[in-house]
Structures are given as structure tokens and as C-alpha cells.
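What follows is a single structure, written as C-alpha cells, with notes after it.
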Amino acid sequence: MKSFTPSRSPCPIGRASRIVGDRWALLILREAFLGAERFEQFLDRLDISRAALTSRLGILVAAGIFERVPPEGKRAVYRLTDAGRDLRPTIEALRAWGDAWLFAKEEPARDSAG
């Protein structure tokens, strides 16, 4: 299981990539911006194992991107913090770049894996 260790890089991109440089972290953020809040919602929308999702959500919570409400127990809601919401333009820019450069004209892009 992965755990979060803050980057000591002198570069802001290096520090940010420690948190959001993981494929699953980016896809979890995408789903959060599309309305997912509960563990099962993320699980249903992503082709991810329970262990990997648990790990990535834990990292995102530890990094201050999500908050877990309530912090302990079952049936928690994962809410984006101010820091997490500030990632919206970054996620939208990645989507726009991917849409412009990674799909053939006849191949439609989709916003979600599910």
C-alpha cells in the first residue's frame, strides 16, 4: 500500500507531482469533479481495486486535497478541500489537451471510465 511522503523538491512541479502525478489520483480527482463523494461511487466509476482506491484516497486526504467526513468509521464522504477544488483548472486543462491531441477525429472522448 502506498503512503504519502511530502516531497522535499525545491521545484513546485516536483512537489505537486508527488501528489497528483499518479494516474489513479488524477482519475479520482476527475470523478470528484463529476460528483463522486463516496468510496463505492469511486469504485463503481473506476477500474480500480479496493486496496488501490483506499491507498490513493488516503494519500489525497493526507496531502490535504480531500477531507474524509467523518474522519473515522464507515460510510464516509470524501470532499474536496479548497486545495483540491483549486485543481479544477489543471484537471480541465489535462482533459482539453487529451481531447485535442490523443483522440482521432472520429473517436469520441468520454469524461468518465464508467
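We count residues from 1, following the sequence as given. What you are looking at is a predicted structure, and each value in this text was computed from that prediction instead of being measured.
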Distance in Å, Arg45 CZ paired with Leu43 CG, rounded so as to fall on 0.5 Å steps: 12.0 Å

Sub-4.5 Å side-chain heavy-atom contact between Arg38 and Val77: yes

Distance in Å, Asp47 CG paired with Trp24 CH2, rounded so as to fall on 0.5 Å steps: 5.5 Å

Thr54 and Phe39, any side-chain heavy atoms less than 4.5 Å apart: yes

Side-chain (Arg85) to main-chain (Leu80) donor-acceptor, under 3.5 angstrom: yes

Residue pair Arg30 / Leu46, side-chain heavy-atom distance below 4.5 Å: yes

Listed partners of Arg15 passing salt bridge (Lys or Arg N to Asp or Glu O under 4.0 Å), at least two apart: none

Which atom of Gly84 lies closest to which atom of Phe33, heavy atoms considered: O-CZ, 3.4 Å

Closest non-hydrogen atom pair between Pro89 and Asp86, with its separation: CD-O, 3.3 Å

Heavy-atom closest pair, residues Ile19 and Ala25: O-CB, 3.6 Å

Atom pair CG/CZ of Leu27 and Phe42 - distance to nearest 0.5 Å: 11.0 Å

Distance in Å, Ile65 CD1 paired with Asp82 CG, rounded so as to fall on 0.5 Å steps: 11.0 Å

Pro70 versus Ala76, closest heavy-atom pair with distance: O-CB, 3.8 Å

Check: Tyr78 and Arg68 side chains under 4.5 Å, non-hydrogen atoms: yes

Least distance between heavy atoms, Glu37 atom then Gln41 atom: N-OE1, 2.8 Å

Heavy-atom donor-acceptor pair, Ser55 side chain to Ala51 backbone, under 3.5 Å: no

Note, Leu53 side chain near Ile28 side chain (heavy atom, < 4.5 Å): yes

Closest contact, heavy atoms only, Gly14 versus Ser9: CA-OG, 3.9 Å

Pair Glu40 + Arg75: basic N to acidic O under 4.0 Å: no

Distance-only donor-acceptor pairs under 3.5 Å for side chains of residues 91-103, two or more places apart:
{"unit_1": "Arg95", "atom_1": "NE", "unit_2": "Asp111", "atom_2": "OD1", "d": "2.3"}
{"unit_1": "Arg95", "atom_1": "NH2", "unit_2": "Asp111", "atom_2": "OD1", "d": "2.9"}

